[in-house]
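Scroll down for the structure; my scribbles are underneath it.
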Amino acid sequence: MSRPALGLALGLVLAGCALAPPTPPVTLPAAAARGAPAPATAAIRGAAAAFSAPERLHGRPALAALAVAQLEYIAVELPSGRFGDVGMVSPSLLAARDEVRGALGIPSTAPPQAVIDAMAAAATAPGGDPAGPAALPPGLFPLGGAEVWRRLGQLPRLPQANAGTLRALRHWEFGPEEPFEMSSLSRRR
């Protein structure tokens, strides 16, 4: 490809990126925002606690569904810029969301707000855990509500979800990570 053609192609790609619409804001249902003064705080703390020790959620699919809703929320809200620059937290949360969606059979194209709403509705369905699967619409959950609910009740360790949510919690509680200076690795004489 010639240099002018390459420049034109690069310009078109960059223009397309600049015109891409931002991800619409999401909201967190009250059931997933309990225990903290703000929804973002509740979501970060709840998701980090859940994915750092998923064995505590075994047999408790409703709590796991709330953690998934919380992760979906922070994966959109923190990178949005509404909370300032979150640096490497953003790709960590996107990787976490992709891993969780893969484990539950949720398509990567599913709208985050739809996943949040469905998970919160299933977690708080009148009738408790037996009624939860019916709140998971087949169009959004191709494996079916019963299978997704079963998987929620047996969440395995999900390393990306654990790392991403803990990184988000650390950033939220203590601020940005300190930059690592490569020169600190050099030998001292």
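When reading the values below, keep in mind they use all heavy atoms of this one structure, side chains included, and skip hydrogens, waters and symmetry mates. Throughout, numbering of the chain's residues begins at 1 and tracks the sequence.
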If you compare all heavy atoms of [X] against all heavy atoms of [Y], which two are closest, and at what distance to 0.1 Å?
| X | Y | answer |
| --- | --- | --- |
| A62 | A123 | O-CB, 3.3 Å |
| L66 | A31 | CD1-O, 3.9 Å |
| L94 | A75 | CD2-O, 3.9 Å |
| L140 | I106 | O-CG2, 4.3 Å |
| P111 | R101 | C-NH2, 4.1 Å |
| A48 | L169 | CB-CD2, 3.9 Å |

Compare all side-chain heavy atoms of [X] with those of [Y] and state whether any distance is below 4.5 angstrom.
| X | Y | value |
| --- | --- | --- |
| P29 | I116 | yes |
| L166 | F51 | no |
| L136 | E147 | no |
| Q113 | E72 | no |
| L158 | P54 | no |
| E173 | R45 | yes |

State whether the side chain of [X] and the backbone N or O of [Y] hold a donor-acceptor pair below 3.5 Å, judged by distance alone.
| X | Y | result |
| --- | --- | --- |
| R167 | V89 | no |
| H58 | G153 | no |
| W149 | P130 | no |
| Q160 | A95 | no |

Show, in sequence, the C-alpha distance, side-chain angles and deciding distance for E77 and L28, and conclude whether the side-chain contact (heavy atoms from CB on, under 4.5 Å) test is met. CA-CA 10 Å; E77 282 299 294; L28 190 64; over 6 Å; no
So for atom CZ, which belongs to R151, do other residues, nucleotides or ligands contribute more than 12 heavy atoms lying within a distance under 6.0 Å? yes
Pair L155-L104, side-chain contact (heavy atoms from CB on, under 4.5 Å): steps then yes or no: CA-CA 9 Å; L155 275 182; L104 297 175; 4.1 Å; yes
Can you tell me which residue among L93, L78, T165 is in a side-chain contact (heavy atoms from CB on, under 4.5 Å) with I44? L78
Among V100, V148, L63, which residue satisfies the side-chain contact (heavy atoms from CB on, under 4.5 Å) criterion with V68? V100
Once rounded to the nearest 0.5 Å, what's the spacing between atom OG of S92 and atom CZ of R97? 13.0 Å
